[in-house]
Amino acid sequence: MTNAVTLLHISDMQFGKFHRFAEGKDGFPNPHDTLTARLIDDLNHLAEHNDVRPDLIICTGDLAEWGMAKE
């Protein structure tokens with residue numbers, strides 16, 4: 001029997017000052033206002049509802065909006 005490896009490939013996340021999700025419908029901050037928070041929520045959802053837990057997460061493409069040091 002071969003052991004399977006589950007990969008999650010994420011491309012072009014472009015973390016930075018302007019890459020955020022919109023406000024909530026009520027005008028209050030969206031709990032998913034950052035890509036990191038949304039990714040964590042999505043990974044938790046996959047684990048809880050689909051029993052999917054990536055063994056490796058591969059991030060490629062543009063990781064920052066501008067490529068500035070603080071990004």
Side-chain angles (χ1 to χ4, degrees):
M1 183 165 110
T2 303
N3 291 331
V5 176
T6 301
L7 303 176
L8 172 61
H9 177 222
I10 303 171
S11 181
D12 298 308
M13 294 177 288
Q14 299 180 348
F15 286 103
K17 181 179 178 181
F18 298 107
H19 200 150
R20 305 220 178 247
F21 291 91
E23 287 183 343
K25 293 177 185 174
D26 54 7
F28 290 100
N30 184 336
H32 301 126
D33 68 344
T34 69
L35 293 171
T36 304
R38 184 62 201 208
L39 176 59
I40 291 168
D41 286 349
D42 287 347
L43 288 170
N44 287 334
H45 181 84
L46 281 172
E48 290 173 20
H49 298 279
N50 301 93
D51 199 29
V52 173
R53 292 168 184 82
D55 297 305
L56 295 170
I57 299 175
I58 301 169
C59 302
T60 63
D62 296 335
L63 299 179
E65 284 181 332
W66 302 100
M68 301 172 85
K70 68 180 183 175
E71 292 179 335

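The first residue in the sequence is number 1, and the count goes up from there.
A salt bridge links R53 with D51: the distance from a Lys NZ or Arg NE/NH1/NH2 to an Asp or Glu carboxylate oxygen falls below 4.0 Å.
Judged as a side-chain contact (heavy atoms from CB on, under 4.5 Å), and not counting sequence neighbours, the contacts of N44 are I40, E48. Every residue was checked against the ring-ring contact (aromatic ring centres under 6.0 Å, His included) condition with H9, not counting sequence neighbours, and none meets it.
Residue D62 holds its CG atom at 8.0 Å from OG of S11, rounded to the nearest 0.5 Å. Within the model, atoms CG of D55 and CG of N3 stand 9.5 Å from one another, a figure rounded to the nearest 0.5 Å. How far CD1 of I57 is from CD1 of I10: 5.5 Å, rounded to the nearest 0.5 Å.
With a 4.5 Å cut-off on side-chain heavy atoms, I58 and L7 count as touching. P54 places a side-chain heavy atom less than 4.5 Å from the side chain of L43.
Partner L46 forms a side chain to side chain contact (heavy atoms under 4.5 Å, CB included) with one of L8, T6, D41, V52 and no other, that one being V52.
Of the possible polar contacts, none joining the D12 side chain to the G61 backbone as a donor-acceptor pair under 3.5 Å is found.
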